[in-house]
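Notes follow the structure.
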Amino acid sequence: MIDWGWIGDHLGAIAGRLGQHLELTVIALAVGFALSLGLAILSARVRPVRSIVIGIAGIVFTIPSLALFSALVPIIGLSLLTVEVPLVLYTLVIYVRNIVAGLDSVPPDVIEAADGMGYTANGRLARVELPLAVPLMIAGLRLASVSTIGLVTISGILGQSFGGLGFFIFERPTFATEILVGAVGSIALAISADVFLGRLQRRLTPWARAMDTQAGAAT
Amino acid sequence: MSSAERVVFEHVTKRYPGTGAGNPGAVEDLSLEVPAGKVCVLVGPSGCGKTTSLKMINRLIEPTSGRILIGDRDIAQQDVIALRRGIGYVIQQVGLFPHQTVADNVATVPRLLGWDEGRRKDRATELLELVGLDPTRYANRYPSALSGGERQRVGVARALAADPPVLLMDEPFGAVDPIVRERLQNELLNLQEQLAKTILFVTHDIDEAIKMGDLVAVMQVGGHLAQFGTPDEILANPASDFVARFVGADRGLKRLALTRVDALELMPPVTASSGDDAADARRRALADPFPYLLLVDAERRPIGWVDQDDIPSSGTIGEDLATAMSPLFSRRTTLKDALAMLIEAEVHAGIVVDGKGAAMGLLTADMIFASSRDGRSPEARAGA
Ligand SMILES: Nc1ncnc2c1ncn2[C@@H]1O[C@H](COP(=O)(O)OP(=O)(O)OP(=O)(O)O)[C@@H](O)[C@H]1O
Ligand SMILES: [Mg+2]
């Protein structure tokens, strides 16, 4: 059923597409994160901005990805942007919600103590609020990475220059081996990314682990 | 050590938007002075403006009118960030930073002030020791791995880190159980003996106010200062029905808890030792209004009471004559505890003994009652 010979002959192409998949994903995740951080901080500081941002994010999330990819082609043609704009938009939706939730999760007594001890507003944000939002930020990053890896696969619909591993799915829809390579490869990539980010979170937030074990002991 | 500084409120009023001219403010025309190095407790029912008053000192809340001075300086003229770094702040929920170790939490203000790492570390170690937490065990823990009482101690250490002249504490022991609270109160009083900071301490518990305060400000809903004075003044002479009700019907008893035995003039007992001449002892006992003779040993340590009618008219005094004993007090016993013990005793006089156990004098329930009637206000305070 699986044509191992084809796979053997195309290892180079598969590796290349894997690289492209990673590249498209990482660009979207990084650009999206930078934009979201700004938007989330703005939302946390200025209440009206927050409802607008969250509202728009909700709407974007309801647009089907296929529709968004195709809708952009007549507007900006076929370029890296055609893929990245939708990818970044979707990451924004996930990130902004999570970063805002992360900033909201900072206990009011911690904020009051920080103010009372003489943190400046920016100092408090950098040294207290953002570090405490890290667990929810990384939760957002994990969600966004899985979602983006899937969307990159779908971007194969735009033609040969895109899609990462998804290229193999769209190249010859009748050839099972190639479809399997595209699908299984994408899934494996998503799982690996999630595991990696999970480890990263535990590395970055040892204090949250202490809280978890305490909560675990309490139950 | 930076010295303590006085804190002065001059006609300070705070009205929140929405409370019109007719409505009472959160704080109304508050004027009081806390001398440097004293503990002033703000006490009153919920919503009377205690927290608002406190937060106006570190300008987490700005007054609508009036001035607050620290030392001789109007705080409104100072840079707000610098002001806050110079004031210790402890709150009920503690507000430790969950993502920082205990040592880093304690070193917060030193870090904001730009101290180098070595100095911060030394200071954190010193402060953890000061609040009774072993630095080797606690310095590298995260706050989630501490008990409520330990967290509160870290909170106090953090507030003291840059040696501020003024410390603000908003119900610092409100969230811990009564036994831990009592211990933390005593520790703070001991600490204060060494540090002599100016402390403004908020509580809604009158007993805590009496125990902790050199001065107590009783506040009333609407933000009025109902009375400001020493705990003894407030208990002895409540300024209004509100204060009287707030301090409670047992204020006489509470006042007794403030006074120690050595503040009263003790009654000299008629004493005799085994082997003394009985006729002489009998004559002395009958001449004294107190109907008992105190039998003591060679070091004047009490052995027991002899009813004056049971003293033989001739021969010598023997230890077998002693029939009853009564409570022994140290000079540090509070009048409240003394009274409680006297109620149970056979002979209604307690014997005050010195460190070696020798009798110094007698204390009767009548003397305690008389002392609370005549309103003398001994400085001695109980609790620590
Ligand atoms: N931000 C605010 N806006 C409007 N009113 C407020 C605000 N903060 C406090 N108040 C009101 O001001 C009054 C005094 O509040 P404050 O917090 O100082 O009371 P408190 O004595 O500390 O009470 P508690 O013992 O419950 O802590 C209350 O009536 C409260 O409802
Ligand atoms: Mg309060």
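Each chain gets a letter, A, B and so on, in the order the sequences are listed, and its residues count up from 1. Owing to the predicted nature of the structure, the values given are computational and were not obtained by experimental measurement.
- Rounded to the nearest 0.5 Å, atoms CG (B/L112) and CZ (A/R124) are 13.0 Å apart.
- The line from CZ of A/R127 to OG1 of B/T108 is 8.5 Å long, rounded to the nearest 0.5 Å.
- When side chains are defined from C-beta on, B/Q93 does not count as touching A/E112, because their heavy atoms never get closer than 4.5 Å.
- Highest contact tally toward chain A, considering only B/G155, B/A159, B/G86, B/G95, is held by B/G95 [criterion: heavy-atom pairs under 4.5 Å].
- Within the 4.5 Å cutoff, the side chain of B/Y89 has no heavy atoms near those of the A/D115 side chain.
- Only the side chain of B/L60 comes within less than 4.5 Å of a heavy atom of chain A; its backbone N, CA, C and O stay farther away.
- Taking CE from A/M117 and CZ from B/R85, the interatomic distance works out to 10.5 Å, rounded to the nearest 0.5 Å.
- In this structure, B/H99 contributes its side chain and A/A133 its backbone to no donor-acceptor pair below 3.5 Å.
- By the 6.0 Å contact criterion, CG on B/D134 is enclosed, its count of non-hydrogen atoms from other residues, nucleotides or ligands being greater than 12.
- Smallest separation of non-hydrogen atoms from A/A113 and B/R158: CB-NH2, 3.4 Å.
- Of the listed residues A/V134, A/T120, A/I111, the one with more heavy-atom pairs under 4.5 angstrom with chain B than any other is A/T120.
- For B/I179, the CD1 atom is loosely surrounded, since the number of other residues' heavy atoms within 6.0 Å does not exceed 12.
- B/V94 touches chain A through its backbone: at least one of N, CA, C or O sits under 4.5 Å from a heavy atom, while the side chain does not.
- With a 4.5 angstrom heavy-atom cutoff, B/Q100 touches chain A only via side-chain atoms.
- Not a single side-chain hydrogen bond (donor to acceptor under 3.5 Å, both in side chains) links B/D79 to another residue, sequence neighbours left out.
- Of all non-hydrogen atoms in A/V110 and B/F97, the two that sit nearest each other are CG1-CD2, 3.5 Å.
- Closest approach of A/P206 and B/Y142 over heavy atoms only: CG-OH, 3.4 Å.
- Using a 4.5 Å cut-off between heavy atoms, B/L168 makes no contact with chain A at all.
- The neighbour count for B/R73 CZ, taken as heavy atoms of other residues, nucleotides or ligands under 6.0 Å away, does not exceed 12.
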